[in-house]
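Here is the structure we will look at, set down as structure tokens.
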Amino acid sequence: MSKNKINIIHSTFVPLNIENVDTDQIIPARFLKGTTRDGFGKNLFRDWRYENDDETKPKPDFVLNQSKYKGQILVAGKNFGCGSSREHAAWAILDAGFTAVVSSFFADIFKNNALNNGVLPITVSENFLDKIFAEGTESTITISLPEQTITIDSTGEQQRFDINSYKKECLLNGYDDIDYLLNIKPEIEAYEESVKY
Amino acid sequence: MGKTLFEKIWDKHIVKTIDDGPSVLYIDKHLIHEVTSPQAFAGIEKRGLQIFRPQQVVATADHNVPTLDQHLPIKEQLSRLQVDTLIKNCANHNIELYGLGHPYQGIVHVIGPELGITQPGMTIVCGDSHTSTHGAFGSIAFGIGTSEVEMVFATQCLLQTKPKQMRINVEGELRDGVLSKDIVLYIVSKISASGATGYAVEYAGSTIRNLSMEARMTVCNMSIEMGARCGLIAPDETTFQYVHGRTFAPEGVDWIKSLQYWETLFSDDDAKFDAEITINAADIEPMITYGTNPGMGIGVNGLVPLGQSIDEKDRPSFVKAMEYMGIAPGTAIKGQKVDYVFIGSCTNSRIEDLRLVADFVKGKRKADDVEVWIVPGSKQVEQQAIEEGIDKVFEEAGFQLRQPGCSACLGMNEDKIPAGKYCISTSNRNFEGRQGAGARTLLASPLTAAAAAITGRVTDVSEMLAVHN
């Protein structure tokens with residue numbers, strides 16, 4: 001089943017300069033009660049966004065409540081997405097309009113969940129991350145998936161990021177893992193036969 | 001070259017490997033629950049697919065269920081919808097469901113082992129990060145997202161890249177009052193909440209070998225809290241004895257054949273680990289967390305760090321955590337007032353945990369201004385506790401024994417800690433808002449939690465035990 005294709009992302013960014021952002025912050029457990037993938041964006045960073053869980057009282061200091069910060073790229077401190085396996089975290093980020101998250105370190109399960117939903121997790125050096133955080137609100141970043149590069153447009157500084165060629169092809173073409181696995185079903189059945197489950 | 005325990009199991013489950021890409025890993029057992037499965041069922045239905053191997057899937061309802069009056073319909077409408085959706089999906093797809101009212105119902109990581117579904121050498125997944133618990137049996141067990149749940153539904157396989165290999169050795173005798181929970185909190189405090197990201201962690205050494213299966217599960221459970229993909233312990237006689245005779249354990253000839261395979265499951269002497277750490281068990285005292293990630297832990301007699309001692313880059317996060325917790329840097333954690341005590345979760349809700357707590361509190365009474373919730377991990381644990389009279393001990397102590405579920409570990413049901421209140425909890429995460437918006441969590445062992453229930457404050461349980469003896 002095809003997902004959103006990713007190729008070049010050119011956008012301003014939202015800086016979330018906090019480390020160890022866990023999935024309970026990205027979307028608290030009490031908002032995991034949906035039975036579809038939609039509508040999680042409005043509760044993204046819920047408890048950092050609102051006073052006392054009250055939507056009429058946005059916390060003015062939080063970046064998502066400041067109109068000067070916008071764009072398709074979320075930039076966050078190291079160990080982003082640690083904690084639970086809830087894919088709702090990736091759904092909430094996508095639903096809120098982000099197509100890439102940049103950090104110096106990602107938790108494993110979040111990274112997979114993001115990739116499986118067409119959200120690109122990009123690992124950069126801590127030094128490069130600091131340079132992004134130092135940029136102004138109008139500054140843009142360009143992410144090229146084909147070239148595997150991320151560039152701070154104002155300075156031209158660039159870093160290469162890693163992604164395995166299988167996943168890269170999937171994202172460029174909007175394929176997902178199930179398409180691949182369904183195509184090799186005879187091999188899976190042969191494997192089962194060989195180990196006699 | 002020899003193989004690690006992980007590599008032996010991994011290699012046996014590889015269907016194929018994609019060039020410059022992941023491997024296709026075959027999954028033996030797939031555990032599901034109400035929160036992370038509905039979108040996966042919807043996904044395969046949308047594709048017009050059937051569940052490929054429904055007999056390898058087991059379901060339970062745990063995250064959302066109330067822990068009081070489970071015989072009544074679930075009051076909260078969205079929770080009820082999720083649980084009802086699970087019932088409908090399991091019926092439509094021929095999946096065994098141990099739902100509310102079933103004698104096997106319970107937290108998914110408690111029932112798998114107690115029913116003998118979890119066995120050495122298996123690959124086990126669940127849409128829950130604490131699936132690492134099952135690694136205590138010498139299996140590769142890890143949490144997955146919902147898209148991956150859908151993949152396993154469709155093909156019984158996942159695309160995975162092989163993690164690096166780490167071994168953590170714990171050697172020597174544990175001090176009085178120190179439990180396996182303290183071991184794992186100590187490890188996370190030493191290597192940080194991301195210290196094992198990208199690794200499969202094998203726990204080894206004499207201290208680990210001497211742990212019971214339930215204590216080993218507590219250690220493996222929190223592997224994800226150091227970022228590890230999974231945690232595992234080589235199966236041994238303790239493991240085999242635990243599994244033998246359980247509801248879904250192999251029997252007769254199958255048992256003998258299984259045992260032959262299981263006995264090969266250990267890291268070879270010349271196996272290569274990418275990282276190795278050795279810890280002296282005698283250095284571990286009862287542990288407690290003071291901050292908002294599980295790596296922010298200290299010995300119960302220790303001082304909360306000062307901001308100056310934290311790396312400059314990490315300081316803003318540290319300050320934020322301390323403000324959230326309302327705890328002053330540089331102060332003693334012992335004596336910190338506690339409002340709630342939660343003994344439960346997939347980390348510490350098994351019968352041994354309840355027995356330890358009951359032995360300790362027998363004849364004692366909780367502090368007046370503390371509320372104490374004991375939430376057993378499963379119906380079977382609850383039943384066993386009642387048979388042993390543990391329920392009476394709790395009642396006399398003023399502890400409330402509730403019904404099985406994930407409960408206040410993540411506050412998806414009504415069991416939430418109010419904003420600003422301190423909860424000493426045997427669960428696995430002290431993240432901001434984890435136990436309820438604004439709730440302040442102190443992670444600890446069941447004994448340290450029980451001691452706080454009696455005194456109303458963070459207490460060194462070993463001192464109380466010394467008096468006791």
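Chain identifiers are assigned alphabetically (A, B, ...) following the order of the sequence lines, protein sequences preceding nucleic acid strands; residue numbering begins at 1 within each chain. All values derive from a computational prediction rather than experimental measurement.
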### Message
Taking the ring centre of each residue, are B/His130 and B/His109 less than 6.0 Å apart?
### Response
no
### Task
With rounding to the nearest 0.5 Å, note down the distance linking CG in A/Asp47 to CG in A/Asp24.
9.5 Å
### Task
May I ask you to check whether A/Phe80 and A/Phe110 place their ring centres under 6.0 Å from each other?
yes
### Task
Say whether, by atom type as modelled, one donor and one acceptor occur between the side chain of A/Ser85 and the main chain of B/Asp128 under 3.5 angstrom.
yes
### Message
Assess, by modelled atom type and distance only, whether the side chains of B/Ser79 and B/Glu76 contain a donor and an acceptor separated by less than 3.5 Å.
### Response
yes
### Task
Heavy atoms only, distances under 4.5 angstrom: which of A/Pro28, A/Gly77, A/Gly34 has the most pairs with chain B? Name it, please.
A/Gly34
### Message
Can you tell me which of A/Asn52, A/Thr36, A/Asn117 forms the most heavy-atom pairs within a distance under 4.5 Å of chain B?
### Response
A/Thr36
### A/Glu189 CD: over 12 foreign heavy atoms closer than 6.0 Å
yes
### Query
Are B/Phe153 and B/Phe41 close enough that their ring centers fall under 6.0 Å?
yes
## Note on the structure
Listed by number, the residues in residues 93-109 of chain A that come under 4.5 Å of chain B (heavy atom to heavy atom) are A/Phe105, A/Phe106, A/Ala107, A/Asp108, A/Ile109
### Residue selection (most heavy-atom pairs with chain B, distance under 4.5 Å) from A/Ile184, A/Asp53, A/Leu181
A/Leu181
#### Entry: Aromatic contact, A/Phe40 with A/His88 (centres under 6.0 Å)
yes
## Note on the structure
Pair count under 4.5 Å, heavy atoms only, with chain A: among B/Ile14, B/Ile18, B/Leu410, highest is B/Ile18
### Message
Counting only non-hydrogen atoms closer than 4.5 Å, can you tell me which residues of residues 154-171 of chain A sit against chain B?
### Response
A/Asn164, A/Ser165, A/Tyr166
### Message
Quick check on B/Gln55: does its CD atom have over 12 non-hydrogen neighbours (other residues, nucleotides or ligands) under 6.0 Å away?
### Response
yes
### Message
Taking the basic N atoms (NZ, or NE/NH1/NH2) and the acidic carboxylate oxygens, is any pair closer than 4.0 Å for A/Asp22 and B/Arg434?
### Response
no
### Pair B/Arg440 + B/Glu432, salt bridge at N-O below 4.0 Å
no
### Message
Shorter than 4.5 Å, heavy atoms on both sides: which option in B/Glu34, B/Glu225, B/Lys313 has the most such pairs with chain A?
### Response
B/Lys313
